[in-house]
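These notes are about the structure you will find just below.
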Amino acid sequence: MNSIVVNLIQVRNRIELAALASKREPEGIELLAVSKTFPASAVEEAMHAGQSAFGENYVQEGVDKIVQLEKLRPWLVWHFIGPLQSNKTREVAQHFDWVHSVDRLKIAERLSTQRGEFPHLAELQVCVQVNVSEEDSKSGVALTEAEALCDAISKLPNIALRGLMAIPAPNPDPKIQREAFSAVRDCFQRIQSSHLVDPGYQFFDTLSMGMSDDLEAAIAEGSTMVRIGTAIFGKRDKITK
Ligand SMILES: *Cc1c(COP(=O)(O)O)cnc(C)c1O
(Lines give C-alpha, C1' and ligand atoms only; values in the text may rest on other atoms or scores of the structure.)
Protein backbone atom coordinates (compact mmCIF):
# COMPACT_ATOMS: atom_id res chain seq x y z
CA MET A 1 0.00 0.00 0.00
CA ASN A 2 1.28 3.48 -0.69
CA SER A 3 1.91 5.88 2.13
CA ILE A 4 -1.12 8.14 1.61
CA VAL A 5 -3.41 5.13 1.98
CA VAL A 6 -1.57 3.94 5.11
CA ASN A 7 -1.54 7.46 6.57
CA LEU A 8 -5.27 7.87 5.96
CA ILE A 9 -5.97 4.64 7.80
CA GLN A 10 -3.82 5.82 10.72
CA VAL A 11 -5.50 9.22 10.87
CA ARG A 12 -8.95 7.63 10.79
CA ASN A 13 -7.82 5.41 13.67
CA ARG A 14 -6.64 8.42 15.66
CA ILE A 15 -10.01 10.11 15.10
CA GLU A 16 -11.88 7.01 16.18
CA LEU A 17 -9.78 6.53 19.33
CA ALA A 18 -10.09 10.19 20.26
CA ALA A 19 -13.85 10.04 19.76
CA LEU A 20 -14.22 6.91 21.87
CA ALA A 21 -12.02 8.43 24.60
CA SER A 22 -14.52 11.26 24.95
CA LYS A 23 -17.57 9.03 24.49
CA ARG A 24 -18.42 10.57 21.13
CA GLU A 25 -19.54 8.88 17.93
CA PRO A 26 -16.63 8.74 15.45
CA GLU A 27 -19.15 9.43 12.66
CA GLY A 28 -19.71 12.85 14.21
CA ILE A 29 -16.22 13.94 13.19
CA GLU A 30 -15.47 14.62 9.55
CA LEU A 31 -11.97 14.32 8.15
CA LEU A 32 -10.88 17.11 5.86
CA ALA A 33 -7.67 16.20 3.99
CA VAL A 34 -5.56 19.34 3.55
CA SER A 35 -3.85 18.90 0.18
CA LYS A 36 -2.15 22.32 -0.07
CA THR A 37 1.28 22.14 -1.78
CA PHE A 38 0.58 18.56 -2.92
CA PRO A 39 -0.28 17.72 -6.53
CA ALA A 40 -3.61 16.65 -7.94
CA SER A 41 -2.25 13.09 -8.13
CA ALA A 42 -2.04 13.01 -4.31
CA VAL A 43 -5.71 14.04 -4.09
CA GLU A 44 -6.58 11.27 -6.52
CA GLU A 45 -4.72 8.70 -4.42
CA ALA A 46 -6.53 9.80 -1.30
CA MET A 47 -9.83 9.73 -3.15
CA HIS A 48 -9.26 6.13 -4.17
CA ALA A 49 -8.76 5.39 -0.46
CA GLY A 50 -12.24 6.73 0.23
CA GLN A 51 -11.46 10.36 1.07
CA SER A 52 -13.79 12.95 -0.47
CA ALA A 53 -13.30 16.25 1.39
CA PHE A 54 -10.17 18.26 0.56
CA GLY A 55 -8.89 21.56 1.93
CA GLU A 56 -6.82 24.17 0.11
CA ASN A 57 -5.13 27.32 1.43
CA TYR A 58 -4.15 29.25 -1.65
CA VAL A 59 -6.78 30.33 -4.15
CA GLN A 60 -4.82 29.85 -7.35
CA GLU A 61 -3.31 26.54 -6.35
CA GLY A 62 -6.69 25.24 -5.21
CA VAL A 63 -8.53 26.35 -8.34
CA ASP A 64 -5.85 24.80 -10.55
CA LYS A 65 -6.27 21.48 -8.76
CA ILE A 66 -10.06 21.63 -8.89
CA VAL A 67 -9.93 22.28 -12.62
CA GLN A 68 -7.38 19.50 -13.18
CA LEU A 69 -9.62 17.08 -11.32
CA GLU A 70 -12.81 18.24 -13.02
CA LYS A 71 -13.77 14.74 -14.09
CA LEU A 72 -13.78 13.62 -10.44
CA ARG A 73 -15.78 16.67 -9.31
CA PRO A 74 -18.94 14.71 -8.44
CA TRP A 75 -17.01 12.73 -5.80
CA LEU A 76 -15.07 15.60 -4.29
CA VAL A 77 -15.94 18.38 -1.86
CA TRP A 78 -13.54 21.32 -1.87
CA HIS A 79 -12.99 23.50 1.20
CA PHE A 80 -11.14 26.80 1.11
CA ILE A 81 -9.36 27.24 4.46
CA GLY A 82 -6.74 29.94 3.86
CA PRO A 83 -6.63 33.71 4.22
CA LEU A 84 -8.97 35.31 1.69
CA GLN A 85 -8.46 38.73 0.09
CA SER A 86 -11.38 40.53 -1.55
CA ASN A 87 -9.85 40.37 -5.00
CA LYS A 88 -9.87 36.56 -4.81
CA THR A 89 -13.43 35.97 -3.62
CA ARG A 90 -14.94 35.44 -7.08
CA GLU A 91 -12.70 32.45 -7.84
CA VAL A 92 -13.55 30.94 -4.48
CA ALA A 93 -17.29 31.55 -4.99
CA GLN A 94 -17.10 29.92 -8.40
CA HIS A 95 -15.06 26.80 -7.55
CA PHE A 96 -15.29 25.84 -3.88
CA ASP A 97 -18.07 24.20 -1.86
CA TRP A 98 -17.01 25.51 1.56
CA VAL A 99 -15.07 28.47 2.98
CA HIS A 100 -13.79 28.17 6.58
CA SER A 101 -11.90 31.43 6.80
CA VAL A 102 -14.46 34.24 6.68
CA ASP A 103 -13.57 36.85 9.28
CA ARG A 104 -15.04 40.05 7.83
CA LEU A 105 -18.52 40.89 6.62
CA LYS A 106 -17.18 42.43 3.44
CA ILE A 107 -15.71 39.10 2.35
CA ALA A 108 -18.98 37.29 3.11
CA GLU A 109 -20.98 39.88 1.17
CA ARG A 110 -18.77 39.48 -1.87
CA LEU A 111 -18.97 35.68 -1.67
CA SER A 112 -22.75 35.93 -1.40
CA THR A 113 -23.18 38.17 -4.43
CA GLN A 114 -20.66 36.26 -6.52
CA ARG A 115 -22.07 32.84 -5.62
CA GLY A 116 -25.37 34.17 -6.97
CA GLU A 117 -23.72 34.53 -10.37
CA PHE A 118 -23.55 30.71 -10.53
CA PRO A 119 -27.17 29.71 -10.00
CA HIS A 120 -26.49 26.05 -10.79
CA LEU A 121 -24.30 25.82 -7.66
CA ALA A 122 -25.57 24.99 -4.18
CA GLU A 123 -25.26 27.60 -1.44
CA LEU A 124 -21.67 28.22 -0.38
CA GLN A 125 -21.06 26.62 3.04
CA VAL A 126 -19.39 29.16 5.31
CA CYS A 127 -17.64 29.04 8.68
CA VAL A 128 -16.56 32.13 10.57
CA GLN A 129 -12.90 32.00 11.60
CA VAL A 130 -12.32 33.02 15.20
CA ASN A 131 -9.05 34.08 16.75
CA VAL A 132 -8.20 32.35 20.02
CA SER A 133 -4.50 33.13 20.21
CA GLU A 134 -4.28 36.90 20.24
CA GLU A 135 -0.50 37.06 20.11
CA ASP A 136 -0.64 35.62 16.59
CA SER A 137 -3.68 37.48 15.41
CA LYS A 138 -3.31 37.58 11.66
CA SER A 139 -6.75 36.22 10.93
CA GLY A 140 -9.99 35.53 12.71
CA VAL A 141 -12.57 37.62 14.47
CA ALA A 142 -12.37 37.97 18.28
CA LEU A 143 -14.58 35.51 20.17
CA THR A 144 -16.58 38.45 21.49
CA GLU A 145 -17.38 39.60 17.96
CA ALA A 146 -18.13 36.21 16.43
CA GLU A 147 -21.86 36.27 17.09
CA ALA A 148 -22.41 39.67 15.48
CA LEU A 149 -20.55 38.54 12.36
CA CYS A 150 -22.51 35.27 12.27
CA ASP A 151 -25.80 37.19 12.56
CA ALA A 152 -24.95 39.38 9.60
CA ILE A 153 -23.79 36.42 7.51
CA SER A 154 -26.86 34.36 8.41
CA LYS A 155 -29.01 36.86 6.52
CA LEU A 156 -27.05 36.75 3.25
CA PRO A 157 -28.41 34.88 0.22
CA ASN A 158 -26.49 32.08 -1.54
CA ILE A 159 -24.61 31.26 1.67
CA ALA A 160 -25.30 28.69 4.40
CA LEU A 161 -23.78 29.60 7.76
CA ARG A 162 -22.24 26.35 9.05
CA GLY A 163 -20.24 27.20 12.17
CA LEU A 164 -16.86 28.31 13.47
CA MET A 165 -13.27 27.56 12.52
CA ALA A 166 -10.16 28.15 14.64
CA ILE A 167 -6.40 27.69 14.34
CA PRO A 168 -4.93 28.10 17.84
CA ALA A 169 -1.22 28.86 18.09
CA PRO A 170 0.68 25.55 18.06
CA ASN A 171 1.53 24.31 21.52
CA PRO A 172 2.95 20.92 22.49
CA ASP A 173 1.04 20.85 25.78
CA PRO A 174 -2.31 19.04 25.37
CA LYS A 175 -3.71 20.94 28.33
CA ILE A 176 -3.06 24.28 26.65
CA GLN A 177 -4.36 22.93 23.34
CA ARG A 178 -7.60 21.95 25.05
CA GLU A 179 -8.02 25.34 26.72
CA ALA A 180 -8.00 27.08 23.35
CA PHE A 181 -10.41 24.59 21.76
CA SER A 182 -12.66 24.75 24.76
CA ALA A 183 -12.96 28.54 24.43
CA VAL A 184 -14.04 28.11 20.80
CA ARG A 185 -16.51 25.40 21.72
CA ASP A 186 -18.08 27.60 24.41
CA CYS A 187 -18.47 30.41 21.91
CA PHE A 188 -19.99 28.01 19.34
CA GLN A 189 -22.50 26.62 21.84
CA ARG A 190 -23.44 30.07 23.08
CA ILE A 191 -24.21 31.21 19.55
CA GLN A 192 -26.04 28.00 18.71
CA SER A 193 -28.21 28.08 21.80
CA SER A 194 -29.31 31.66 21.24
CA HIS A 195 -30.50 30.88 17.68
CA LEU A 196 -32.31 27.59 18.09
CA VAL A 197 -35.32 28.71 16.05
CA ASP A 198 -33.54 31.11 13.73
CA PRO A 199 -33.76 29.83 10.13
CA GLY A 200 -30.44 31.52 9.30
CA TYR A 201 -28.84 29.11 11.75
CA GLN A 202 -30.54 25.88 10.71
CA PHE A 203 -27.26 24.42 9.40
CA PHE A 204 -25.03 25.85 12.15
CA ASP A 205 -23.49 22.51 13.17
CA THR A 206 -19.79 22.69 12.38
CA LEU A 207 -16.83 23.22 14.66
CA SER A 208 -13.79 23.12 12.37
CA MET A 209 -10.76 22.64 14.61
CA GLY A 210 -7.83 20.30 15.04
CA MET A 211 -4.81 19.65 12.81
CA SER A 212 -2.17 16.90 12.61
CA ASP A 213 -0.59 17.76 15.96
CA ASP A 214 -3.65 18.54 18.04
CA LEU A 215 -6.58 16.59 16.65
CA GLU A 216 -7.05 14.58 19.86
CA ALA A 217 -7.41 17.75 21.96
CA ALA A 218 -9.80 19.26 19.41
CA ILE A 219 -12.00 16.16 19.39
CA ALA A 220 -12.03 16.07 23.19
CA GLU A 221 -13.41 19.61 23.07
CA GLY A 222 -16.13 18.94 20.53
CA SER A 223 -14.59 19.37 17.07
CA THR A 224 -16.85 18.12 14.27
CA MET A 225 -14.29 18.56 11.49
CA VAL A 226 -10.52 18.09 11.71
CA ARG A 227 -8.29 19.54 9.01
CA ILE A 228 -5.32 17.22 8.49
CA GLY A 229 -2.44 17.81 6.09
CA THR A 230 0.95 16.54 7.24
CA ALA A 231 -0.30 13.32 8.83
CA ILE A 232 -1.89 12.32 5.51
CA PHE A 233 0.33 13.72 2.77
CA GLY A 234 3.64 14.10 4.60
CA LYS A 235 5.78 17.15 5.33
CA ARG A 236 5.37 20.16 3.08
CA ASP A 237 8.42 21.61 1.32
CA LYS A 238 7.09 25.12 0.97
CA ILE A 239 7.01 27.30 4.04
CA THR A 240 3.36 27.65 5.01
CA LYS A 241 1.54 29.05 7.95
C1 LIG B 1 -2.10 23.67 6.65
C2 LIG B 1 -3.38 23.79 7.40
C3 LIG B 1 -3.92 22.68 8.06
C4 LIG B 1 -3.24 21.33 8.14
O5 LIG B 1 -2.16 21.39 8.98
P6 LIG B 1 -1.28 20.08 9.36
O7 LIG B 1 -0.56 20.47 10.59
O8 LIG B 1 -0.38 19.83 8.20
O9 LIG B 1 -2.23 18.97 9.58
C10 LIG B 1 -5.15 22.83 8.70
N11 LIG B 1 -5.81 24.02 8.68
C12 LIG B 1 -5.31 25.10 8.05
C13 LIG B 1 -6.09 26.37 8.07
C14 LIG B 1 -4.08 25.02 7.41
O15 LIG B 1 -3.59 26.12 6.82
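Counting starts at 1 for both ligands and their atoms, in listed order.
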For ligand 1, which atoms, with element, lie under 4.0 Å from some heavy atom of [X]?
X	answer
G229	4 (C), 6 (P), 8 (O), 9 (O)
I167	13 (C)
N57	14 (C), 15 (O)
T230	6 (P), 7 (O), 8 (O), 9 (O)
I228	9 (O)

R227, R236, H79: member with heavy atom nearest to atom 11 (N) of ligand 1: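 The nearest heavy atom belongs to R227.
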Residue selection (non-hydrogen contact nearest atom 7 (O) of ligand 1) among G55, S212, S101: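 The residue whose heavy atom sits nearest atom 7 (O) of ligand 1 is S212.
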Hey, does V34 come in under 3.5 Å of ligand 1, counting only N/O atoms on both sides? no
Side chains of E147 and S194, donor plus acceptor under 3.5 Å: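 Looking only at side-chain atoms, S194 and E147 do form a donor-acceptor pair, the distance falling under 3.5 Å.
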Under the criterion side-chain hydrogen bond (donor to acceptor under 3.5 Å, both in side chains), I'd like the reasoning laid out for T37 against R236: C-alpha separation, chi angles, the key distance, then a yes or no. CA-CA 7 Å; T37 80; R236 290 178 289 272; 4.9 Å; no
Describe, in one word, how the ring planes of W78 and F96 are oriented to each other, choosing from parallel (under 30°), tilted (30 to 60°) and perpendicular (over 60°).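 The arrangement is perpendicular - the two ring planes meet at more than 60°.
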After noting the C-alpha distance and the side-chain angles of E30 and T224, does the key distance pass the side-chain hydrogen bond (donor to acceptor under 3.5 Å, both in side chains) rule? CA-CA 6 Å; E30 189 176 352; T224 68; over 6 Å; no
For E45, the side chain to side chain donor-acceptor pair (under 3.5 Å) test, sequence neighbours excluded, returns N2
With a 4.0 Å cut-off on heavy atoms, is D213 in contact with ligand 1?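 Heavy atoms of D213 never come under 4.0 Å of ligand 1.
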Show the numbers, then the answer: is there a side-chain hydrogen bond (donor to acceptor under 3.5 Å, both in side chains) between Q68 and D64? CA-CA 6 Å; Q68 270 188 68; D64 288 349; over 6 Å; no
What part of K36, side chain, backbone, both or neither, has a heavy atom within less than 4.0 angstrom of ligand 1?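 Contact part for K36 vs ligand 1: side chain (C-beta onward).
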Supply the members, apart from W98, of the Ile/Leu/Val/Met/Phe/Trp/Tyr cluster built from side-chain contacts under 4.5 Å; use none for a lone residue. L32, V34, V77, I81, M225
